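So the structure is just underneath, and the comments pick up after that.
Within every chain, numbering begins at 1; the chains are lettered A, B, ... in the order of the sequence lines, protein sequences first and strands thereafter. Below, each value reflects all heavy atoms present in this structure, side chains not excepted, and no hydrogens, waters or symmetry copies. The structure displayed is predicted, hence computed values, not measured ones.
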2 protein chains.
Amino acid sequence: MKELPTIQANVCCGLATGVIDETDAARIAPMFKALGDPVRLRLAALIASQTEMCVCELTPQFELSGSTISHHLRILREAGLIDGERRGTWVYYWIKPDALHALSALLQPTPATA
Amino acid sequence: MKELPTIQANVCCGLATGVIDETDAARIAPMFKALGDPVRLRLAALIASQTEMCVCELTPQFELSGSTISHHLRILREAGLIDGERRGTWVYYWIKPDALHALSALLQPTPATA
DNA sequence: ACCTTGAATCGACAATCATCGAAACAGCAT
DNA sequence: ATGCTGTTTCGATGATTGTCGATTCAAGGT
């Protein structure tokens with residue numbers, strides 16, 4: 001689990017609020033992309049359903065190899081949606097609520113302009 | 001512009017609310033996936049910024065071929081995020097607010113369980 | 001009828017992706 | 001030290017994707 005520069009969850013200018021410029025789009029799209037895979041969506045939901053979750057609990061929920069699960073967790077982490085750390089033998093991941101809120105706000109009708 | 005069966009925007013069991021089963025994940029993930037490309041994210045935001053928008057207005061906003069824009073619009077439409085119709089020479093697209101709301105709710109902390 | 005313009009489809013191609021098994025790494029317990 | 005188990009990384013592979021240009025389709029105008 002190397003150190004990874006993660007995407008800033010600094011989401012401005014909502015989708016329903018207004019236009020998104022090229023730079024913002026490049027920053028935000030990877031977050032949606034990360035949620036755009038069924039396995040990762042379920043992983044994120046599982047992780048969000050608890051304050052934190054061990055990889056050893058996550059993996060058996062899928063009929064996929066451990067390396068594939070690890071790969072998906074990395075993508076969710078690089079997207080800034082989750083974070084994690086090793087504690088002894090096991091690795092735990094938790095959701096980053098700010099990122100979720102930011103995306104949620106982005107999709108909301110008219111948060112500020114109303 | 002052929003007829004296309006679009007995805008049901010019937011989003012239940014939020015990501016922050018609880019677990020998402022395999023079937024729901026398969027139904028919802030394509031929506032996030034559609035927003036997971038910078039060009040499509042900007043397209044969606046542009047379309048959402050007006051009640052409707054002509055392809056002829058959309059295309060010049062990007063340094064991409066018309067066929068590429070058309071391709072991305074199709075993906076957004078198949079994901080159920082936008083809809084459109086031809087009126088004479090031009091084709092207009094509009095956002096489907098319900099789909100956006102559904103995704104937004106999915107990402108919200110605790111919509112109902114709070 | 002014909003041509004022009006806006007948009008979608010087709011066919012192709014390089015790039016990215018999801019997945020796996022094997023190998024490497026990190027802790028812990030003998 | 002040695003081995004065992006959980007997790008990540010590496011390398012490979014088949015599938016999907018974003019993009020283009022060429023073609024086709026739709027609707028108007030002449």
Checklist line | Criterion side chain to side chain contact (heavy atoms under 4.5 Å, CB included) on A:Gln61 and A:Leu46, from CA distance to verdict | finding: CA-CA 9 Å; A:Gln61 304 275 350; A:Leu46 280 167; 4.0 Å; yes
Note to self: Show, in sequence, the C-alpha distance, side-chain angles and deciding distance for B:Ser65 and B:Thr68, and conclude whether the side chain to side chain donor-acceptor pair (under 3.5 Å) test is met.
What the structure shows: CA-CA 5 Å; B:Ser65 71; B:Thr68 299; 2.9 Å; yes
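The CG atom of B:Leu35 sits 13.0 Å away from the NZ atom of B:Lys33 when rounded to the nearest 0.5 Å.
Phosphate proximity of C:dT16 to A:Lys33: absent, as no side-chain N or O sits under 4.0 Å from OP1 or OP2. In terms of phosphate contacts, B:Tyr93 brings a side-chain nitrogen or oxygen within less than 4.0 Å of OP1 or OP2 of C:dA8. Contact annotation: A:Arg74 reaches the phosphate of D:dT9 (side-chain N/O to OP1 or OP2, under 4.0 Å).
At the heavy-atom level, A:Ile75 lies under 4.0 Å from the strands shown only through sugar-phosphate atoms.
With respect to the salt-bridge test (charged N to carboxylate O, under 4.0 angstrom), the residues A:Arg87 and A:Glu52 qualify. Taking the charged nitrogens against the carboxylate oxygens, A:Arg27 and A:Glu22 have no contact shorter than 4.0 Å, which rules out a salt bridge.
Of the two residues near DNA chain C, A:Asp37 and B:Leu73, the one whose nearest nucleotide lies more 5' is B:Leu73.
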Check: For every nucleotide of nucleotides 20-30 of chain D, 5' to 3': is a protein heavy atom under 4.0 Å from its base (B), only from its sugar-phosphate (S), or from neither (-)?
Finding: BBB---SSS--
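With distances taken from any side-chain atom of B:Ser70 to the nucleotides D:dT19, C:dT9, D:dT8, the minimum falls on C:dT9. Distance from the side chain of A:Trp90 is smallest to D:dG6 among D:dG18, D:dG6, D:dT8.
Geometrically, B:Arg77 does not engage B:Tyr93 in a cation-pi contact, judged by NZ or CZ lying under 6.0 Å from the ring centre and within 45° of the ring axis.
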